[in-house]
Amino acid sequence: FFFKQKTAYEMLRSLVGSEMCIRDRANTNNKHTHVEIDFVMWLIQLLVWNLIVLLSKLVLYFISLISAGILESISTFLFRGIDSFPKLKLIIVMILVPCVMNTFQFWVQDNFLKKKEFDKNDQAFILSLIHI
């Protein structure tokens, strides 16, 4: 319900996901039954993505180390009314906050990072890559 399924026209050949290939393979009446995947490009993208995630985690780790005192003061202030309910604090920290943050992350990715529309040159280029 949050995400729009991308079509082959919206994806470069090297970015076509496995669900796209499975859907195309299952639909034999479709004139776009063969999609080639560049596995080397896929592996490079996977490694780059993992490097980005690792670097972001390291940055957050060092920020939390540097600002540990401030973060402890903030958490003490926010949880001062529920000190006698450790399970509630655990639910808030381990379930509620990650759900809110992941929802925010997905919203940012869907609305700001994904290209919404393609001009005619982009469409022609993508169509040439998927061998129509």
Side-chain angles (χ1 to χ4, degrees):
F1 59 87
F2 285 123
F3 310 105
K4 174 183 165 267
Q5 175 73 30
K6 287 199 168 283
T7 65
Y9 303 106
E10 298 172 332
M11 302 169 89
L12 292 174
R13 178 181 65 161
S14 60
L15 298 176
V16 173
S18 60
E19 70 280 351
M20 182 70 198
C21 297
I22 292 168
R23 185 179 68 220
D24 281 350
R25 204 176 316 127
N27 187 1
T28 56
N29 295 331
N30 190 351
K31 66 179 181 177
H32 312 294
T33 57
H34 181 68
V35 176
E36 291 184 26
I37 299 174
D38 186 353
F39 287 105
V40 173
M41 182 60 71
W42 175 82
L43 183 61
I44 290 170
Q45 290 173 349
L46 178 66
L47 293 174
V48 168
W49 176 251
N50 283 326
L51 181 65
I52 291 169
V53 170
L54 176 67
L55 290 175
S56 69
K57 299 291 184 184
L58 286 173
V59 167
L60 289 175
Y61 173 73
F62 286 117
I63 289 173
S64 66
L65 277 180
I66 292 169
S67 60
I70 296 170
L71 292 175
E72 185 176 348
S73 300
I74 292 170
S75 67
T76 302
F77 174 75
L78 291 175
F79 290 119
R80 71 182 181 278
I82 58 171
D83 280 338
S84 58
F85 303 103
K87 289 185 180 181
L88 179 60
K89 286 170 52 174
L90 184 66
I91 289 172
I92 291 171
V93 171
M94 298 299 289
I95 297 174
L96 184 64
V97 171
C99 286
V100 169
M101 295 305 291
N102 283 336
T103 302
F104 176 72
Q105 175 189 357
F106 293 143
W107 177 75
V108 167
Q109 287 175 345
D110 263 1
N111 292 306
F112 297 106
L113 300 180
K114 290 182 179 179
K115 189 173 181 179
K116 301 268 189 237
E117 295 179 9
F118 291 90
D119 61 20
K120 293 188 187 243
N121 291 333
D122 289 339
Q123 289 175 358
F125 175 71
I126 293 170
L127 290 175
S128 70
L129 287 177
I130 59 172
H131 306 291
I132 291 182

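Every heavy atom of this structure was used, including side-chain atoms; hydrogens, water molecules and symmetry mates were not.
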Side-chain donor/acceptor pairs under 3.5 Å, residues 81-93, sequence neighbours excluded:
none

Under 4.5 Å between side-chain heavy atoms, counting indirect links through other Ile/Leu/Val/Met/Phe/Trp/Tyr residues: same cluster for Val100 and Phe104 or not?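 No; tracing contacts between hydrophobic side chains, which count when under 4.5 Å, never links both residues.
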Following the transitive rule for hydrophobic clusters with a side-chain heavy-atom cut-off under 4.5 Å over Ile, Leu, Val, Met, Phe, Trp and Tyr, establish whether Leu60 and Ile74 coincide in one cluster.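 Hydrophobic grouping puts Leu60 apart from Ile74.
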Distance (rounded to the nearest 0.5 Å) between Leu71 CG and Leu78 CG: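 These two atoms lie 10.5 Å from each other.
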Looking at CZ of Phe39 and CG of Leu43, how far apart are the two atoms once the value is rounded to the nearest 0.5 Å?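 Phe39 atom CZ to Leu43 atom CG measures 11.0 Å (nearest 0.5 Å).
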Does CG belonging to Leu54 count more than 12 external heavy atoms closer than 6.0 Å?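 More than 12 within 6.0 Å, yes.
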Take atom CD in Gln105; do more than 12 heavy atoms of anything else shown fall under 6.0 Å from it?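 Yes.
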Could you identify which residues cluster with Val48, counting Ile, Leu, Val, Met, Phe, Trp and Tyr as linked when any side-chain heavy atoms lie under 4.5 Å apart, either directly or through a chain of such contacts?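 Joined to Val48, directly or through intermediates: Val40, Ile44, Ile52.
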How does the hydrophobic cluster around Ile66 look, that is, which other residues are in it when side-chain heavy atoms under 4.5 Å mark a link?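 Result for Ile66 is none, singleton.
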If you take all heavy atoms of Ser56 and Val53, which pair is closest and at what distance?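 That would be OG-O, 2.8 Å.
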